[in-house]
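One structure is given here, and the rest of the page talks about it.
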Amino acid sequence: EDQVTQSPEALRLQEGESSSLNCSYTVSGLRGLFWYRQDPGKGPEFLFTLYSAGEEKEKERLKATLTKKESFLHITAPKPEDSATYLCAVQVPGSSNTGKLIFGQGTTLQVKP
Amino acid sequence: GAVVSQHPSWVICKSGTSVKIECRSLDFQATTMFWYRQFPKQSLMLMATSNEGSKATYEQGVEKDKFLINHASLTLSTLTVTSAHPEDSSFYICSASPWDLNQPQHFGDGTRLSIL
């Protein structure tokens, strides 16, 4: 069964305190791994797509990496505005040409000033 | 970036009422749209995949007759919750995907449905 697990469930950081979020996955056929940010009461906002092991993507204070079994979202010197829930999703073959996404439970990040 | 609009953002209605939620892709043609459900402090669960001009594909455990999906054009998909009951109360989110396989799914801002 395809499965995506994120850890930790919740993370509290002081402003400027760097850390990493983990996403481990077990799927039958990985077509891509996605990171999204979700603010309360909003839909997910796209951050990164990773397709192959060894790939890395960066955007401002965020950096996503991918191995054959897991992905990390590194947050460098976070700011309070980085507080949100970060969702990891893997794309697997589905009924449509674009496949479907299986989401992890998310990591809720709180950055205190 | 790509924009997906979802309407209404919030609806409260009585038990037994049917509720329609619209999902529009504003600046791209979406051959495929997805409908998700999210419970408080839980992740998104895919309910169904809809392709323009064809019947939706429902995930296991999702009632087709309860959650009617129509994808009549490349920019609009609708989800109708028929004869809604309190247990149908949830946060419903749609996403749209362009034909380009390298493009990610883009999400609407969700609809908070409360059934009294």
Side-chain angles (χ1 to χ4, degrees), chain A residues 1-10 21 23-25 27 29-52 55 57 59 64 84-110, chain B residues 1-7 9-10 21 23 28-60 62 69 71 77 91-112:
Chain A
E1 181 184 351
D2 296 331
Q3 195 167 7
V4 180
T5 304
Q6 290 186 246
S7 62
E9 196 173 307
L21 283 56
C23 171
S24 61
Y25 59 90
V27 296
L30 179 69
R31 296 174 68 174
L33 185 141
F34 298 79
W35 282 97
Y36 287 88
R37 168 190 171 132
Q38 186 176 26
D39 292 300
K42 298 289 186 181
E45 175 188 345
F46 171 72
L47 294 174
F48 302 109
T49 308
L50 300 167
Y51 291 106
S52 56
E55 190 174 358
K57 293 275 180 73
K59 179 181 179 181
T85 296
Y86 291 85
L87 297 170
C88 168
V90 295
Q91 187 178 45
V92 298
S95 61
S96 72
N97 186 53
T98 54
K100 64 179 184 180
L101 294 180
I102 298 174
F103 280 86
Q105 295 290 83
T107 294
T108 300
L109 172 66
Q110 184 180 20
Chain B
V3 178
V4 175
S5 174
Q6 194 170 336
H7 178 81
S9 58
W10 184 46
I21 302 170
C23 179
F28 66 97
Q29 293 186 329
T31 54
T32 305
M33 288 186 172
F34 303 85
W35 288 95
Y36 296 83
R37 187 171 179 176
Q38 187 175 33
F39 291 104
K41 297 189 178 181
Q42 294 189 27
S43 194
L44 282 74
M45 297 297 296
L46 179 64
M47 298 174 65
T49 301
S50 79
N51 294 298
E52 186 266 337
S54 63
K55 291 184 178 180
T57 302
Y58 291 81
E59 294 299 304
Q60 191 173 8
V62 177
I69 292 173
H71 191 162
S77 177
F91 192 52
Y92 292 88
I93 307 176
C94 73
S95 73
S97 183
W99 180 251
D100 184 350
L101 296 179
N102 292 319
Q103 293 297 317
Q105 290 183 26
H106 296 280
F107 288 81
D109 272 342
T111 296
R112 175 73 58 194

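This is a predicted model, so every value here is computed, not measured. Naming convention: chains lettered A, B, ... in sequence-line order (proteins, then strands); numbering from 1 in each chain.
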### Pairs of heavy atoms under 4.5 Å with chain B: top-ranked of P40(A), G43(A), A89(A)
G43(A)
### Message
For K57(A), is the NZ atom crowded, meaning more than 12 foreign heavy atoms sit under 6.0 Å from it?
### Response
yes
### Message
Given 3.5 Å as the limit, does a donor-acceptor pair link the side chain of S43(B) with the main chain of G106(A), or not?
### Response
no
### Structural part of L44(B) lying under 4.5 Å from a heavy atom of chain A
both
### Engaged part of I102(A) at the chain B interface, taking heavy atoms whose separation is under 4.5 Å
neither
### Message
Could you measure the distance from the NZ atom of K42(A) to the CD1 atom of I93(B)? Nearest 0.5 Å is fine.
### Response
11.5 Å
### Task
Can you sort out the partners of S9(B) under side-chain contact (heavy atoms from CB on, under 4.5 Å), two or more places apart, ordered by chain and number?
none
### Task
Pick one of side chain, backbone, both or neither for Q38(A), based on which atoms fall under 4.5 Å of a heavy atom in chain B.
side chain
### Summary
One should read off an interatomic distance between L101(A) CG and F107(B) CZ, to the nearest 0.5 angstrom, of 5.5 Å
### Summary
Across all chains, not counting sequence neighbours, the side-chain hydrogen bond (donor to acceptor under 3.5 Å, both in side chains) partners of T85(A) are T108(A)
## Note on the structure
Scored by heavy-atom pairs under 4.5 Å with chain A, the best of M45(B), Q38(B), R112(B), Q42(B) is Q38(B)
